[in-house]
**Q** 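Starting off with a structure, shown below.
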Amino acid sequence: MSSPEPVRSTHFIRNIIQEDLQSGKHQEIVTRFPPEPNGYLHIGHAKSIFLNFGLVQEFTGHCFMRFDDTNPINEDEEYVQAILEDVHWLGFDWQDRLTHASDYFQRLYDFAEDLIQQGRAYVDSQSQESIREQRGTLTEPGTASPFRERSTAENLELFRRMKSGEFEDGAHVLRAKIDMVSPNINLRDPVIYRIRKVTHQRTGNKWCLYPMYDYTHCLSDALEGITHSLCTLEFEDHRPLYDWVLDQLDVPCHPRQIEFSRLNLQYTVLSKRRLIQLVEEGHVSDWDDPRMPTISGLRRRGYTPESLKLFAERIGISKAENNIYMSVLEDCIREDLHSKAPRAMAVLRPLKVVLLNCPEDQEEELDAPVHQQFPDRGRRPIPLSREIFIEEDDFDEDPPEGFHRLVPGGEVRLRNAYVIRCEEVIKDASGKVIELRCIYDPNTSRGRKPEGRKVKGIIHWVSAAHAVQAEIRLYDRLFSQPTPGSDYPDKNFLLDLNPNSMEILSQAWLEPNLINAEVGIAYQFERLGYFCLDSRDSKTDSLVFNRIVTLRDSWGGK
RNA sequence: UGGGGUGUAGCCAAGUGGUAAGGCAGCGGGUUUUGAUCCCGCCAUGCGCAGGUUCGAUCCCUGCCACCCCAACCA
């Protein structure tokens with residue numbers, strides 16, 4: 001099966017790597033994908049995964065899968081497993097390069113003692129509040145801590161006692177001694193170690209002292225021999241600190257940090273805080289709710305790894321703020337599935353049609369291609385009998401201009417079958433159309449056009465006696481505003497939740513061949529869109545399909 | 001008001017001191033038993049604004065403007 005060839009335009013990071021390879025600065029490149037295991041991965045992470053893992057496939061090199069687990073308070077093994085599954089599903093293999101920042105805790109600690117020995121780090125024994133006040137503001141310089149000039153011996157002793165658990169949380173911290181009046185606030189003696197008497201998901205109770213991100217990340221990169229450390233724009237201000245730490249210590253190499261802009265996708269949210277809130281407050285069923293922009297949600301919804309890769313290629317890599325249309329993502333899955341998906345007919349909102357000239361005991365076995373453009377994929381059986389279902393909105397008593405479907409007295413083609421004419425419209429007491437009586441033209445089977453008339457419309461249908469009932473879940477965007485919350489003073493994104501983001505249709509009818517549908521395969525329900533079995537809720541005797549995305553519809557009417 | 005970034009079409013995004021790639025969207029037309037797909041064509045005298053240098057500037061220089069990020073013992 002062919003997947004779409006991604007459009008490859010170059011970007012500044014690829015250019016840098018090419019130059020480094022050509023100049024001989026590096027023989028191969030090493031990257032890393034470093035999530036904190038405190039939430040599920042989302043499509044923004046996918047952008048980073050495709051970048052980091054993709055680059056090393058494109059050039060020679062390898063990529064580390066590294067968990068940045070320096071803050072045991074928020075982290076959890078559940079997230080670790082979910083993240084590994086997601087990265088793997090996207091198509092990447094880290095081989096034996098699965099690491100954790102916590103693997104380096106001892107080495108990091110030793111480096112810290114080294115810093116102290118050099119007089120480049122000190123133990124501060126002030127309260128968190130004092131440290132914050134002394135940091136200064138954006139426009140005012142910071143002031144020195146009274147503990148800044150402690151002796152090396154005292155610093156070392158205190159630091160060792162911090163490690164051995166003699167002090168309570170918050171009693172002391174270790175700070176890098178850099179520059180309290182730097183215009184870059186990150187350089188005003190940043191805290192690099194804090195006491196946290198909590199159990200770490202990997203190291204247990206071995207440590208009660210945990211290193212901070214800025215100190216940990218650069219050293220982990222250096223220890224792994226990372227050549228290019230790719231991160232998002234908000235870390236740009238941290239780069240001087242990244243470089244400072246590595247410059248002080250005897251490390252194997254000095255990776256280059258390069259920043260790119262994070263993904264912003266309209267009609268959804270991509271911040272961990274907000275995604276957690278959606279899950280915890282029950283606005284969605286779970287992390288893998290098919291409306292979620294998480295990788296697991298997209299997977300359950302029916303998105304393919306190939307479609308997400310296409311998306312990553314399309315949006316590109318740059319340093320500019322971006323605001324991607326949701327339609328770009330939707331178009332990627334359409335493009336991928338168009339060639340892959342077997343075709344089927346399904347009626348979501350059924351309207352009964354009786355074919356008057358079809359005897360009650362008549363059953364005709366028609367068939368149709370699995371995929372019209374790929375005849376070698378075979379054919380599927382399509383039974384026809386006297387009673388069929390068509391889509392409710394494929395009939396209109398009072399049609400708008402340009403309506404190509406069925407109208408009273410009019411003709412339409414049943415897809416893969418005959419042309420029918422509507423003879424009679426049956427309504428219930430309230431005036432609602434509940435049944436159509438039609439006659440079919442037996443001389444209009446496959447490949448045969450009706451004589452002397454043009455039939456423009458084609459509608460899908462299923463045989464009532466043969467159809468399989470199923471529940472179908474129609475999904476729409478989770479939020480009704482492109483930038484959720486932006487119109488409210490408190491930026492409350494929940495107020496923009498789309499109340500119609502999921503519609504459940506429990507009376508849908510499927511062509512009988514769909515009884516063989518498999519989880520993980522997307523089907524095109526002709527004229528409607530792409531659908532797949534819900535991996536959680538579908539059962540063999542009660543099928544549940546998710547709508548992945550609609551087909552494009554250039555007809556504005558309805 | 002300090003520091004760090006970014007501004008190329010509706011949305012992304014290449015690009016170069018020599019006259020603006022590509023994708024998505026949009027528009028027009030063709031094919032079609034999916035109003036899908038597919039095919040063809042159109043779509044920036046313009047690169048945030050104003051000056052300057054130059055034969056020539058989106059690119060170099062100067063000055064502005066707008067937006068984003070930074071004052072966790074988060075990452």
Side-chain angles (χ1 to χ4, degrees), chain A residues 6-12 15 34-36 38 68-71 73-75 124 127-128 131-133 135-142 169-175 182-188 190-196 210 212-214 216-217 231-240 259 261 266 272-273 310 313-325 327-332 334-335 338-339 343 345 368 372-373 402-405 413-419 444 446-449 455-460 524-529 550-557:
Chain A
V7 177
R8 177 152 293 158
S9 77
T10 192
H11 53 70
F12 75 105
N15 293 344
E36 184 186 13
N38 67 346
D68 220 336
D69 55 351
T70 59
N71 188 356
I73 291 175
N74 309 311
E75 298 160 6
D124 198 341
S127 67
Q128 197 167 334
I131 291 177
R132 187 189 315 127
E133 284 162 17
R135 189 149 31 225
T137 67
L138 296 179
T139 53
E140 299 163 282
D169 289 13
H172 307 277
V173 292
L174 185 70
R175 290 229 254 170
S182 171
N184 181 344
I185 292 177
N186 295 302
L187 261 19
R188 317 237 263 232
V191 171
I192 57 176
Y193 266 96
R194 77 291 215 190
I195 299 171
R196 279 262 202 287
Y210 293 99
M212 302 284 289
Y213 166 83
D214 285 307
T216 308
H217 202 84
C231 63
T232 45
L233 249 29
E234 66 271 25
F235 293 103
E236 207 150 17
D237 285 345
H238 295 240
R239 184 161 17 104
E259 311 83 11
S261 56
Q266 293 190 346
K272 257 182 201 176
R273 197 205 103 232
L310 218 209
E313 295 282 352
R314 263 183 201 178
I315 61 177
I317 297 290
S318 74
K319 297 187 71 158
E321 285 291 317
N322 58 73
N323 198 216
I324 310 292
Y325 290 147
S327 60
V328 176
L329 213 211
E330 293 169 341
D331 198 66
C332 289
R334 283 192 192 103
E335 182 167 331
H338 172 260
S339 61
R343 309 286 120 128
M345 291 197 286
Q372 202 146 41
Q373 282 142 354
F403 189 76
H404 290 174
R405 286 105 97 150
R413 177 177 284 280
L414 295 181
R415 174 122 172 108
N416 299 311
Y418 304 97
V419 171
T444 56
R446 196 163 57 235
R448 288 198 287 170
K449 300 207 187 313
V455 175
K456 211 166 185 186
I458 300 163
I459 64 174
H460 57 276
Q524 188 197 90
F525 291 179
E526 291 183 295
R527 301 209 313 131
L528 295 175
T550 61
L551 251 34
R552 280 175 47 182
D553 182 7
S554 60
W555 191 62

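Letters go in sequence order (proteins before strands), and every chain restarts at 1.
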**Q** Is there a side-chain contact between A:Asp214 and A:Ile192, using heavy atoms and a 4.5 Å cut-off?
**A**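 Answer no - side chains too far apart.
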
**Q** Can you tell me how far CZ of A:Arg194 sits from OG1 of A:Thr70, rounded to the nearest 0.5 angstrom?
**A**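 Reported to 0.5 Å precision, the distance equals 5.5 Å.
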
**Q** Does B:G41 have a Watson-Crick or wobble partner in any strand here, with both distances under 3.5 angstrom, and which is it?
**A**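 For B:G41, the partner nucleotide comes out as B:C27, under the 3.5 Å rule.
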
**Q** Looking across every strand, which nucleic acid part, if any, lies under 4.0 Å from A:Asp124 by heavy atom: base, sugar-phosphate, or nothing?
**A**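 No contact.
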
**Q** When you measure from the side-chain N and O atoms of A:Asn323 to the phosphate of B:G10, is any distance below 4.0 Å, counting only OP1 and OP2?
**A**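 No, because none of the side-chain N or O atoms of A:Asn323 sits under 4.0 Å from OP1 or OP2 of B:G10.
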
**Q** Give each protein N/O atom lying under 3.5 Å from an N/O atom of nucleotides 1-6 of chain B, with the pair distance.
**A**
from: B:G2; atom 1: N9; to: A:Leu138; atom 2: O; distance (Å): 3.1
from: B:G2; atom 1: N3; to: A:Leu138; atom 2: O; distance (Å): 3.1
from: B:G3; atom 1: N2; to: A:Asp237; atom 2: OD1; distance (Å): 3.4
from: B:G3; atom 1: N2; to: A:Asp237; atom 2: OD2; distance (Å): 2.7
from: B:G4; atom 1: O2'; to: A:Asp237; atom 2: OD1; distance (Å): 3.3
from: B:G5; atom 1: O2'; to: A:Glu236; atom 2: OE1; distance (Å): 3.4

**Q** Stacking between A:His404 and the base of B:G35 (centre distance under 5.5 Å, interplanar angle under 30°)?
**A**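 Yes, A:His404 stacks on the base of B:G35.
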
**Q** What interatomic distance, in whole Å, is found between C1' of B:U58 and the corresponding atom of B:U45?
**A**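 So the two C1' atoms sit 13 Å from each other.
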
**Q** Side-chain N or O of A:Arg413 versus OP1/OP2 of B:G35: is the shortest distance under 4.0 Å?
**A**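 For B:G35, neither OP1 nor OP2 has a side-chain N or O of A:Arg413 closer than 4.0 Å.
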
**Q** If the C1' atom of B:U8 is compared with that of B:G4, how far apart are they to the nearest Å?
**A**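 So the two C1' atoms sit 23 Å from each other.
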
**Q** Taking any heavy-atom pair under 4.0 Å as a contact, classify A:His238: base, sugar-phosphate, or nothing.
**A**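 Base, at least one base heavy atom under 4.0 Å.
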
**Q** Does the aromatic ring of A:Trp555 sit over the six-membered base ring of B:G35, closer than 5.5 Å centre to centre and tilted less than 30°?
**A**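 Yes, aromatic ring over the base.
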
**Q** Go through the N and O atoms of the side chain of A:Arg405 and the base of B:G35, and report whether any donor-acceptor pair is under 3.5 Å.
**A**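 Indeed, a donor on one side and an acceptor on the other fall under 3.5 Å apart.
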
**Q** Reckon A:Met212 touches a base, only the sugar-phosphate, or nothing at all at heavy-atom distances under 4.0 Å?
**A**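 Since only primed, P, OP1 and OP2 atoms lie under 4.0 Å of A:Met212, the category is sugar-phosphate.
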
**Q** With both distances kept under 3.5 Å, what pairs with B:C55, Watson-Crick or G-U wobble?
**A**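 B:C55 is paired, partner B:G18.
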
**Q** A side-chain contact here means heavy atoms from C-beta on lying under 4.5 Å apart; do A:Ile317 and A:Phe12 qualify?
**A**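 A:Ile317 reaches A:Phe12 side chain to side chain.
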
**Q** What's the closest nucleotide to the A:Leu551 side chain, out of B:A36, B:U33, B:A75?
**A**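 In terms of side-chain proximity for A:Leu551, the closest of B:A36, B:U33, B:A75 is B:A36.
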
**Q** Using the P atom on both, measure B:G63 against B:A21 and round to a whole Å.
**A**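 Each nucleotide's P atom is 32 Å from the other's.
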
**Q** Between B:G35, B:C70, B:U37, which one does the side chain of A:Gln373 approach most closely?
**A**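 Closest nucleotide to the A:Gln373 side chain: B:U37.
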
**Q** Using the six-membered ring wherever Trp is involved, compare the ring planes of A:Tyr213 and A:Phe235 and label them parallel, tilted or perpendicular (cut-offs 30° and 60°).
**A**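 Ring orientation, 0 to 90° scale: tilted.
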
**Q** OP1, OP2 of B:A72 versus side-chain N and O of A:Arg132: anything below 4.0 Å?
**A**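 Affirmative; the distance criterion is met.
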
**Q** Quiz question: going by heavy-atom distance under 3.5 Å, is there a donor-acceptor pair between the base of B:U34 and the side chain of A:Gln524?
**A**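 Yes, the side chain and the base share a sub-3.5 Å donor-acceptor pair.
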
**Q** Mind checking A:Gly402 for me? I need base, sugar-phosphate or nothing, with any heavy atom below 4.0 Å counting as a touch.
**A**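 The residue A:Gly402 makes base contact.
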
**Q** What's the gap between B:A14 and B:G7 when it is taken at their P atoms, as a whole Å value?
**A**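 So the two P atoms sit 9 Å from each other.
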
**Q** Base, sugar-phosphate or nothing for A:Tyr210? Non-hydrogen atoms, less than 4.0 Å.
**A**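 Here A:Tyr210 touches no strand at all.
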
**Q** When the C1' atoms of B:A44 and B:C38 are considered, how many whole Å apart are they?
**A**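 Looking at atom C1' only, B:A44 and B:C38 are 28 Å apart.
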
**Q** So, does A:Ser318 get its side chain near the phosphate of B:A13, meaning an N or O under 4.0 Å from OP1 or OP2?
**A**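 Yes, such a contact exists.
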
**Q** Could a donor-acceptor pair under 3.5 angstrom be found where the side chain of A:Arg343 meets the base of B:U34?
**A**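 Side chain to base: pair present.
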
**Q** Hey, does A:Arg552 reach any base, or is it just sugar-phosphate, or nothing, if we go heavy atoms under 4.0 Å?
**A**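 It contacts sugar-phosphate atoms only.
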
**Q** At less than 4.0 Å, is any side-chain N or O atom of A:Arg273 found next to OP1 or OP2 of B:A75? Yes or no.
**A**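 False: A:Arg273 side-chain N/O out of range (4.0 Å or more) of B:A75 OP1/OP2.
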
**Q** Going by purine N1 to pyrimidine N3 plus the second Watson-Crick contact, or the G-U wobble pair, all under 3.5 Å, which nucleotide sits opposite B:G7?
**A**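 Checking every strand shown, B:G7 finds its partner in B:C65, with both distances under 3.5 Å.
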
**Q** Measuring only the P atom in each nucleotide, how far is B:U53 from B:G10? A whole number of Å is fine.
**A**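 Here B:U53 and B:G10 have their P atoms 32 Å from each other.
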
**Q** Could you tell me whether the side chains of A:Asp68 and A:Thr216 share a donor-acceptor contact shorter than 3.5 Å?
**A**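 Result is no, nothing qualifies.
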
**Q** Expressed in whole Å, how much space separates the C1' atoms belonging to B:U1 and B:G48?
**A**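 Nearest-Å result for B:U1 against B:G48 at atom C1': 23 Å.
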
**Q** Taking atom P in both B:A9 and B:A50, what distance in whole Å separates the two?
**A**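 Approximately 16 Å lies between the P atom of B:A9 and that of B:A50.
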
**Q** Assign each of A:Asp214 and A:Gly457 to its nearest nucleotide of RNA chain B by heavy atoms, then name whichever residue's nucleotide is nearer the 5' end.
**A**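 Result of the comparison: A:Gly457.
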
**Q** 5'-most contact on RNA chain B: A:Ile315 or A:Ile131, nearest heavy atom basis?
**A**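 On the 5' side of the pair lies A:Ile315.
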
**Q** Under 4.0 Å: is that the gap between some side-chain N or O of A:Lys456 and OP1 or OP2 of B:G35?
**A**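 No, outside the criterion.
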
**Q** With a 3.5 Å limit on both atom pairs, tell me what B:C73 is paired to, counting Watson-Crick and G-U wobble, or say none.
**A**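 Per the H-bond distance test, none.
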
**Q** Mind checking the CE-CD spacing from A:Met345 to A:Glu526? Nearest 0.5 Å is all I need.
**A**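 The CD atom of A:Glu526 is 6.5 Å from CE of A:Met345, to the nearest 0.5 Å.
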
**Q** Counting the atoms with a prime plus P, OP1 and OP2 as sugar-phosphate, which does A:Ile459 contact under 4.0 Å by heavy atoms, base, sugar-phosphate, or nothing?
**A**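 Answer is nothing: A:Ile459 stays at 4.0 Å or more from every strand.
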
**Q** Base, sugar-phosphate alone, or nothing: which one does A:Val173 contact when heavy atoms must sit under 4.0 Å apart?
**A**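 Counting heavy atoms under 4.0 Å across all strands, the contact made by A:Val173 includes a base.
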
**Q** Side chain of A:Arg527, heavy atoms from C-beta onward: which of B:A36, B:C73, B:U34 has the nearest atom to it?
**A**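 Between B:A36, B:C73, B:U34, the one nearest the side chain of A:Arg527 would be B:U34.
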
